[in-house]
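One structure is given below, encoded as structure tokens.
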Amino acid sequence: MNIIPRSPSKKGKLKAFSNADYDDLNPTITYRHMQSPTIGPKHPLRVVALCDCNAFYANCEQVRLGIDPETPLVVLQWGMLIAVNYPARKFGIFRMDKPSDALKRCPELMVVHVATYAPGEPEAKYWEKPDIKTHKISLDLYRRESIKIHTMFKELLPTGEVEKASIDEAFIDFSIPVRDTLLKRYPYLAQPPVNAPNGLDTPLPPPPKVSCVGLGNLIPIDPSKLDTEKEVTTELVEDIEKNEPMTWHDVGLIIAAELMADMRKEVHKTLGYLTSAGIARNKFLSKLAASYRKFNTQNILRNSAIPGFLKPMPFQKIRFLGGKLGKAIAGEYDVSTVGDLLIIGLDEMQNKFGECSIWVYEILRGIDRSEVKEKSVINKSMNAAKNLPKPITKFSEGPHWLRMLAAELTIRLNEARETTPGLWPRTLGLHARQGWNPLRSKQQPFPSPRVVTVDFMTDEATKLWKEIVGKDVLWDGKKGMKVTNLSLSLTGISWTEEGQKGIKGFFHEPTASRRVVSEGIAGPSTPFNVRKQKRKRSLSSTPGVNDKEIITYNVDDDEQGTSTAYSFVCTRCRQTISLPARFKEQAAEIETGSDLFLDFEEMRQNAFTNIRVEHDDYHFAQDLAHRYGTANAASPSKRSIAIPTSLRPAKKKKTQKEPEGIAKFFIKKTKA
DNA sequence: GTGGATGAG
DNA sequence: CGCTCATCCAC
């Protein structure tokens, strides 16, 4: 297997690093880079973080119950622990342990069962002894808290990009805020010296030495320092590496670390959640860096530390290599670490695993071009499922469960519509499994009524229930129906003008949008990516950005509707748009006129502007969607909303028989 | 549209 | 390797 040489490196002094596999780690940064209005995946100053919550479910319960965070606490789901907080971990308690074992290790352990829907109850509650036979798990609390954290991140970093990666994780693109901070702290970076021979292409002067003491663990360049169990303090690493040259990217990482630390502190102070974070040059590395040390810390992965960090890493720890694909690669080459795989050339890999192995090839070399993108719609689908330890044996027992599933979906849908009015699921689906039989499912268009009620959804679900169990099984009970698994889902959730009308019942003529698509925005635009770009532009003071784009709002002279300090009424849709409740709560605690009050006022005004811009953008996007063709049609705009930011190679070989290459690990069960 | 598979946690 | 949830793809 020959090593395929990489294409000749563009800019950058690859001499700085001995390993040719990592040849892009110290690119030359010029004034032109400082001035580019956007910072994409290839920009040398890109800075990305992954922030994730520590033992999130347990933390949520601790906050909900208002108990001491030092109390060992676990979250129980039926017979199994699904979350263990850090105090409890000290007792050797793990996820998936049984509660009885956990209590043996720690008798004072606080055991909290997740909320459940009980039969007939309109909402999930915390019951003394929930019954697996009649109750259904609810994860709503965690979803709601997750949204709070996500919202706070966005508010605290209006010029950044925040992508919710899972219920307890978010990617944050710090590139723009970092660049803005760099320009503020080092104003000489804005323009090349007048006598610079190459103008904007002149490299930046050497960076200052910047301390990162107190900003987290600096992942050491020397891999032999990596796995030491003892804490490697930042001071220690700095001492060891004091002669390592710093780069402007390192400075950027450290600025991001400051911002990240502030945001994490704020989340902790306001919401009570502890987090950890990784800061690096792309998503995948930030995620790995975050897992370096996990509890209430953040880790900074400098480019120079990437080879040492990555090579000893078991590659199956990498996102999307944790499953079958990772196993297949491990089996094929009988190796386990990233370093082991570096000797595999691109051609070799592509021959074995298909063309899209380029993705894996690059990941192994610390390259990840995927963008941090805010998801336009929270989710594309919602699903409520229940395993039935006591199977349904009579047709008539079905609706009882259907009602419970419908209740959950109804609450979740209506909750989502609070923040995003106009959300509309295209289809309602019901899946049912009987014993060993294959899963059966039916779906139907979801008629979006003005108000979705539990009754309505239950009725709709019952129609599907009839179709499923009524068709293949003689369901009157005599044939011994045995449904062991039920799941009700809303899919194709998207945001439409129609849905908006449906909910609000307002059919007023949309006024002409005050905004038009800027001719400056290149490429195909969806309502949402246009929205994001415009917002960026209007809120950041980026050099080179057309100032005419900036849109200001004046609360007193308000063309949009009436305003109070905490909310305003939009004249277009007549909705009241409010700041999060905590603003009011906080205001009540602060003495008017105090210094704190002034700070608070500033924050409130910023937030107010944000919700205003956001709401206006919402109408803007709505109009755009309207213009491009609306509602149900799979218009190009709608299409692109639905495209996920998936890292996967997404190779669709149309082979009739065996999919080729990597694709098969994403698609089908491998054949023997 | 239906049914299956994968993956994360 | 229990349970829940989300997403994607082939047919």
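Computed from heavy atoms alone, side chains included, the values below leave out hydrogens, waters and symmetry copies. Chain identifiers are assigned alphabetically (A, B, ...) following the order of the sequence lines, protein sequences preceding nucleic acid strands; residue numbering begins at 1 within each chain.
In this entry the distance linking CZ of A:F171 with P of B:dA8 reads 12 Å, nearest Å. Across the protein-nucleic acid pair, A:N437 atom CG and B:dG3 atom P stand 12 Å apart, rounded to whole Å. Residue A:Y57 contributes atom OH, which lies 10 Å from atom C1' of B:dA8 at whole-angstrom precision. Per the geometry, CZ belonging to A:R433 stands 7 Å off P belonging to B:dG4, to the nearest Å. Atoms CG (A:L405) and P (C:dC5) sit 9 Å apart, rounded to a whole Å. A straight line from NZ of A:K164 to P of B:dA8 spans 17 Å, rounded to a whole angstrom. In this structure, the CG atom of A:D52 is 9 Å from the P atom of B:dG9, given to the nearest Å. In this entry the distance linking CD of A:Q443 with P of B:dG3 reads 9 Å, nearest Å.
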Polar atom pairs (N or O), protein with nucleotides 1-4 of chain C, under 3.5 Å:
none

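The side chain of A:K324 lies closest to B:dT6, out of B:dT2, C:dT7, B:dT6. Nearest nucleotide to the side chain of A:L439, out of B:dG4, C:dA6, B:dG1: B:dG4. When each of C:dA6, B:dT2, B:dT6 is scored by its nearest atom to the side-chain atoms of A:S381, the top-ranked nucleotide is C:dA6.
Side-chain contact of A:S370 with A:D368: a donor-acceptor pair under 3.5 Å is present, judged by distance alone. A donor-acceptor contact closer than 3.5 angstrom is absent between the side chains of A:Y117 and A:E408. For the residue pair A:Y142 / A:E61, a side-chain donor-acceptor distance below 3.5 Å is found, with atom types taken as modelled. Side-chain atoms of A:K164 and A:S146 include a donor-acceptor pair closer than 3.5 Å.
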Hey, can you pull the donor-acceptor pairs under 3.5 Å for the side chains in residues 77-88 of chain A, sequence neighbours left out?
unit_1	atom_1	unit_2	atom_2	d
A:N85	OD1	A:L73	N	3.0
A:N85	OD1	A:A88	N	3.0
A:N85	ND2	A:T71	O	2.8
A:Y86	OH	A:R89	NH1	3.3

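The phosphate of B:dG3 has OP1 or OP2 within less than 4.0 Å of a side-chain N or O from A:S441. Phosphate proximity of C:dA6 to A:K380: absent, as no side-chain N or O sits under 4.0 Å from OP1 or OP2. Neither OP1 nor OP2 of B:dT2 sits under 4.0 Å from any side-chain N or O of A:R440.
Of the charged side-chain nitrogens involved, none lies within less than 4.0 Å of a carboxylate oxygen, so that A:R365 and A:E362 do not count as a salt-bridged pair.
If you check every strand for non-hydrogen atoms under 4.0 Å, A:K327 touches nothing. Counting non-hydrogen atoms under 4.0 angstrom, A:R412 reaches the backbone sugars and phosphates but no base.
A:E371 and A:K283 get closest at one heavy-atom pair: O-NZ, 3.0 Å.
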